[in-house]
Amino acid sequence: MRRMRVHRAVGYLRAAMFVALTAGAATGALAGLAPDPAATPEAVVQVYGARTMGLKGIFGVHTWVAVKATDAPAWTVYEIIGWRLRWSDSALVVRNREPDAPWFGAAVELYADKRGPGVDDLIKRIDKAAHDYPYANTYTLWHGPNSNTFTAWIARAVPELQVDLPATAIGKDYIGSNFVSSAPSGSGFQFSVAGILGVAAGPIDGFELNLLGLNFGASGSGLKLPFIGRVSLPHFIDSAKR
């Protein structure tokens with residue numbers, strides 16, 4: 001009987017720790033990138049990222065997918081949080097929170113934004129893909145599977161999102177025991193060896209070379225470089241196209 005009480009108390013403590021950690025993860029002044037649900041009846045899907053905590057932030061970002069169905073009163077965020085596995089059998093977190101709040105103080109970036117007719121159907125597919133994610137019970141910071149592996153999994157399942165993840169989304173190239181897949185955006189193709197060596201090419205991702213989990217490449221959004229993420233092309237290039 002005492003053992004059962006101790007086990008139950010430990011379970012409550014773990015749950016309280018998880019709530020405290022996740023509640024404090026995404027807080028602070030909002031970036032103004034996510035529309036207010038109260039003033040936005042249309043369906044919206046957004047994909048975000050922000051530098052991770054501590055020294056890890058020099059190398060990479062944490063990414064997540066946020067959805068708001070038609071007339072929904074709040075945002076729902078889908079993400080993988082690795083430390084959850086310390087007291088749970090799944091790292092998948094689905095909760096209501098402001099999607100554009102800083103991540104442990106780090107400013108957020110918006111990678112994709114879809115709105116209007118047809119987006120409710122995308123939200124249903126996102127929910128299904130999230131719950132079908134095959135690596136929810138495992139987490140590896142480098143080279144995956146991690147939070148970026150999850151976001152790329154969603155993007156591959158719902159290519160209409162047209163997500164162009166930055167080079168700092170380490171883990172996006174992890175495709176398990178497979179060697180060939182669509183690129184992380186769900187378009188084009190990718191060849192990858194355990195997420196640490198490979199190439200990807202497509203209309204959204206552009207061309208990428210992956211060496212030991214570090215990405216080099218270029219797409220329509222600019223150059224992709226390790227540590228830096230994305231460097232926009234000079235404005236004179238845009239002017240030359242006119």
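Because the structure is predicted, anything quoted here is derived from the model rather than measured.
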Determine the minimum heavy-atom distance between [X] and [Y], stating which atoms define it.
X    : Y    : answer
P99  : A34  : CG-CB, 3.6 Å
N96  : A74  : ND2-CB, 4.2 Å
P37  : A72  : CB-O, 3.7 Å
W142 : G213 : NE1-CA, 4.1 Å
A155 : P184 : CB-O, 3.2 Å
I175 : S192 : CD1-CB, 4.0 Å

[Y]/[X] salt bridge by N-O under 4.0 Å criterion:
X    : Y    : result
E160 : R125 : yes
D120 : K124 : no
E79  : R84  : no

Could you grab the distance from atom [atom1] of [X] to atom [atom2] of [Y], nearest 0.5 Å is fine?
X    : Y    : atom1 : atom2 : answer
Y174 : S177 : OH    : OG    : 7.5 Å
I81  : L92  : CD1   : CG    : 9.5 Å
T52  : N146 : OG1   : CG    : 10.0 Å
I126 : K128 : CD1   : NZ    : 13.5 Å
T149 : I154 : OG1   : CD1   : 12.0 Å
Y139 : N137 : OH    : CG    : 14.5 Å

Heavy-atom side-chain proximity of [X] to [Y] below 4.5 angstrom:
X    : Y    : value
H143 : L212 : no
S182 : Q190 : no
Y78  : W64  : no
V61  : Y111 : yes
V45  : V158 : no
K172 : E208 : yes
P134 : W153 : yes
V77  : V94  : no

Donor-acceptor pairs under 3.5 Å, side chain of residues 194-206 to any protein atom, not counting sequence neighbours: which ones?
from, atom 1, to, atom 2, distance (Å)
D205, OD1, S185, OG, 2.4
D205, OD2, S185, N, 3.3

How about [X] and [Y]: does a side-chain donor come under 3.5 Å of a side-chain acceptor?
X    : Y    : result
T76  : R95  : no
D164 : S219 : yes
S147 : H62  : yes
D173 : N148 : no
K114 : Q162 : yes

Using side chain to side chain contact (heavy atoms under 4.5 Å, CB included) as the criterion, point out the one residue from T151, D100, D113, V65 that pairs with Y48.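 The passing option is D100.
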For the hydrophobic clusters of this structure (ILVMFWY residues joined by side-chain heavy atoms under 4.5 Å, transitively), does one cluster hold both [X] and [Y]?
X    : Y    : answer
V67  : F150 : yes
V163 : L33  : no
L214 : L165 : no
V93  : L141 : no

Could you tell me whether the side chain of N178 and the main chain of V180 form a donor-acceptor pair under 3.5 Å?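 Side chain of N178 to backbone of V180, a donor-acceptor pair under 3.5 Å: no, none is there.
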Between the main-chain N or O of Q46 and the side-chain N or O of K68, is there a donor-acceptor pair closer than 3.5 Å?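 Pair absent, no side-chain N/O of K68 close to backbone of Q46.
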If you group Ile, Leu, Val, Met, Phe, Trp and Tyr whenever their side-chain heavy atoms sit less than 4.5 Å apart, what else falls in with W75?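 For the cluster that includes W75, the remaining residues are V44.
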Is D132 atom CG crowded by more than 12 heavy atoms from other residues, nucleotides or ligands, each under 6.0 Å away?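 Above 12, so yes.
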Would you say the ring centers of Y133 and Y135 fall short of 6.0 Å from each other?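 Centroid distance Y133-Y135: below 6.0 Å, so yes.
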Please assess R51 against T168 for the test side-chain contact (heavy atoms from CB on, under 4.5 Å), listing each intermediate value before the final yes or no. CA-CA 9 Å; R51 293 282 176 168; T168 45; 3.8 Å; yes
